[in-house]
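All values below were derived from every heavy atom in this structure, side-chain atoms included, with hydrogens, water molecules and symmetry-related copies excluded. None of these values were measured; they are calculated from a predicted model. Residue numbers begin at 1 in each chain, while the letters A, B, ... track the order of the sequences.
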Protein chains: 2
Amino acid sequence: MLSKRAKYAIKTILYLYEHQSPVPISAKTISEKERIPYKFLENILRELKTHQVVRSVRGAEGGYTLAKDPNEITVAHLMRIIDGPIALIPCVSERYYESCGECENEETCRIRKLFAELRTEMLPVLEKSIIQLAGL
Amino acid sequence: MLSKRAKYAIKTILYLYEHQSPVPISAKTISEKERIPYKFLENILRELKTHQVVRSVRGAEGGYTLAKDPNEITVAHLMRIIDGPIALIPCVSERYYESCGECENEETCRIRKLFAELRTEMLPVLEKSIIQLAGL
DNA sequence: TCATTACCCTATAAAAATGATAGGGTAATT
DNA sequence: AATTACCCTATCATTTTTATAGGGTAATGA
């Protein structure tokens, strides 16, 4: 399941993309418009900033803007930052690999093969950029 | 993420499929061979029995057998029984639909569209039967 | 400068989900 | 009748999820 955090992150980035302007957008505005608990959102925004998805400007009239070309911000990227692996079992994750510690031979594990295939099918869908998402 | 319960269920069904015989297989045997905590397995087997995936025979020499044609037992089926929806957000689930209670219009929600598409891509992979899984 | 607005950071906590464990009851076979 | 195995309910420890609280820091505009 997609966590609420990740969903909020996607909504936030979508909001920033669709309200681009020279003036940054405040967390308060996003919180109200997207109905995301303010303090929770702050936390998500910090994580997005750490991963250089957004940029922040302090002070009155401060707020957030996208930190990179929206073509380069994908849903998969956001999910990985917030929730971790896309794959449904850790032993087929590229970036968050962990052994499941159960099967004797990972190379021949059939459950692993199935979920590797699943991941392969999932990725192209989730690698849509925020622009593509906005266009749906 | 796939729960351990669901993974155990898949392993159990795979084991039953690959050790088919007139004699049923005991929970104890499955527990030992697949290294699944016995009482946890009992619980999973009960759920599988309720959903008529396995059949049980009581008494000494009792145990479990598949309750239906292995062609008809799919991984998706097992996941739905044990974990619930395949979809990553409940509002695009066919069998476990729930409103997310957030978006104003489900028909136009773009996050929903994306995850509906994701589900569409995931299903064919997960609808492989236990026979196909065994053949991987 | 000072009040305001907004970002930054740490800690805490309620609620739900996950992964079991315990203990005894019931049924069927040898 | 003893054994073996399935059936059922309750409990529980851990982790994850979803926040909330409270205060600190920085920058803008009047």
Rounding to an integer number of Å, can you tell me how far [X] [atom1] sits from [N] [atom2]?
X: Met1(B); N: dT15(D); atom1: CE; atom2: P; answer: 16 Å
X: Leu88(A); N: dT18(C); atom1: CG; atom2: P; answer: 12 Å
X: Arg5(A); N: dT16(D); atom1: CZ; atom2: C1'; answer: 11 Å
X: Ile82(A); N: dA19(D); atom1: CD1; atom2: C1'; answer: 15 Å
X: Glu98(A); N: dT15(D); atom1: CD; atom2: P; answer: 13 Å
X: Leu41(B); N: dG19(C); atom1: CG; atom2: C1'; answer: 14 Å
X: Glu102(A); N: dG19(C); atom1: CD; atom2: P; answer: 10 Å
X: Lys4(A); N: dA17(C); atom1: NZ; atom2: C1'; answer: 16 Å

Less than 4.5 Å apart, any side-chain heavy atom of [X] and any of [Y]?
X: Pro85(B); Y: Tyr97(B); answer: no
X: Val23(A); Y: Val57(A); answer: no
X: Lys7(A); Y: Glu102(B); answer: yes
X: Glu72(B); Y: His77(B); answer: no
X: Arg110(B); Y: Leu14(A); answer: yes

(request) Assign a letter to each nucleotide of nucleotides 3-15 of chain C from its 5' end: B, base within under 4.0 Å of a protein heavy atom; S, sugar-phosphate only; -, no contact. (result) --BSBBBB-----

(request) Name all residues meeting the side chain to side chain contact (heavy atoms under 4.5 Å, CB included) criterion together with Glu104(A); count only those two or more places apart in sequence or in a different chain, and write none if there are none. (result)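 Scan of Glu104(A) (side chain to side chain contact (heavy atoms under 4.5 Å, CB included), adjacent residues dropped) gives Arg35(B).
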
(request) May I ask you to verify if any side-chain N or O of Tyr8(B) is less than 4.0 angstrom from the OP1 or OP2 atom of dG19(C)? (result)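 Answer is no, no contact under 4.0 Å.
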
